Amino acid sequence: MRWDSLWVNVSAATMAPGAGADAYGGIPDAAIAVANGKIAWIGPRAELPAEEARSTRHVHDCGGTWITPGLIDCHTHLVFGGDRAGEFELRLGGASYEEIARAGGGIRSTVAATRAVGEDGLFAAAVPRLRRLLGEGVTTVEIKSGYGLDTANEMKMLRVARRLGREMPVDVATTFLGAHALPPEYEGRQGAYVDLVCDEMMPRIAADKLADATDAFCEKIAFTPAETERVFAASARAGIPVKLHADQLSDLGGAALAARHKALSAEHLEYTSEAGAAAMGRAGTVAVLLPGAFFVLRETKLPPIAALRQHGVPIAIASDCNPGSSPALSLLLMLNMACTLFRLTPAEALAGVTRNAARALGMGDRGTLEVGKRADLALWRIGRPAELAYWLGGNPCIGVVRRGEEVAMAEAA
Ligand code: DI6
Ligand code: FE
């Protein structure tokens, strides 16, 4: 087979299970060949097939740097109007996230701001946030709706997310989060709002192919487990896979509920029980941990890391980029927080933004450096992979490749 390009003089953290000599699937002096946007060959440079290598059009000498799969931020609320810096001040003054939400602030204030902006305005506000992520080697990002909370505005948010995927050098996976909060016009009529989500929003969003997954916020201040089940049933009817904001502020059994519905992932999980972790392990549901929200809300209850490990639950890490609980624009900072706050190893953290993040999005075609996977690559000026989780506010990314094509860093960053 003829190769389009070849990367040499580079150390690879393949993140492929069982590959290489260490927890990163490391190959010290590696070569990676790409054909038709996919990885065609990877291995020690010394074993590179000579004939194909000679006829390769573009050979990139990486000068002894490192290469990883392109990073995947598998949980964001990146599209929103306004910001909540004022609420940040209130919380520092002593008000809790839940008190602010119950008083009509929190998510609802972002709903008002998001409804007030048109698609162009939302797009323009999201672009600089997205650029910050892309500048750190992110090649796939998930974006949720959930600040529209009526049919027109939820669809508006999802269209903006799709447009970001078309116009920016990144793959966008969209998630319909209509069951994020109760909009003010439905106060006292929560069942009727769930009807709207299931019977009107879901079919229209499915018809326009606007959502790759459905999510819900199962929490005392949001939707009950029974309401969540209704949303999941509607999603199943529409043929859309599910994921869940589960057990973030209290244990409502969200992790087990997600597992019962074969959810791709359950997210946050600070209050998840051991039984919940076991159920996720059996179902193959990915645990998406969000250290940014843990940090910003000054949470002290840790997600059940030991139980997740024990039950073989794949762990992903994401930014949860949102204006309230995690105004985070750096996935690398989340790697540090996953290690420092949650005691993940740097290798677990990196698997959390590559292999396991891909799985949380149901994307079997990426997340590791293996033959046949997409050639989404990030190049780093680092001495060892742990450095990706080490710096606070550092960015050693020096190159991004998407489907085998170099992304201009000026475009990404
Ligand atoms: N949990 C979160 O941390 C975000 N959504 C959710 O269900 C926060 C969203 C916000 O505060 O705007
Ligand atoms: Fe979230």
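When a ligand or atom number is given, it counts from 1 through the structure's own listing order. This one's a predicted model, so the numbers in the text were calculated from it and none came from an experiment.
- Within 6.0 Å of the CH2 atom in W41, the count of heavy atoms belonging to other residues, nucleotides or ligands exceeds 12.
- Taking backbone and side-chain atoms together, E267 has no N/O/S atom less than 2.8 Å away from the Fe ion (ligand 2).
- For the residue pair S96 and E98, no side-chain donor N or O sits within less than 3.5 Å of a side-chain acceptor on the partner.
- When the heavy-atom distances from atom 8 (C) of ligand 1 to Y147, F80, Y97 are ranked, the shortest goes to Y97.
- Remark: minimum distance from atom 1 (N) of ligand 1 to any protein heavy atom is reached at Q248 OE1, 2.8 Å.
- Inspection of the E219 and Y271 side chains reveals no N or O donor paired with an N or O acceptor under 3.5 Å.
- Taking backbone and side-chain atoms together, H75 has an N/O/S atom less than 2.8 Å away from the Fe ion (ligand 2).
- Taking 4.0 Å as the cut-off between side-chain N and carboxylate O, E348 and R309 count as a salt-bridged pair.
- When only interatomic distances are considered, the shortest N/O to N/O separation between T110 and ligand 1 does not fall below 3.5 Å.
- No more than 12 heavy atoms of other residues, nucleotides or ligands shown are found within 6.0 angstrom of CZ on R359.
- Counting heavy atoms under 4.0 Å from ligand 1, residue E219 does not touch it at all.
- In terms of modelled atom types and a separation under 3.5 Å, the side chain of E387 and the main chain of G383 share a donor-acceptor contact.
- As for D320, its N/O/S atom nearest the Fe ion (ligand 2) is the one called OD1.
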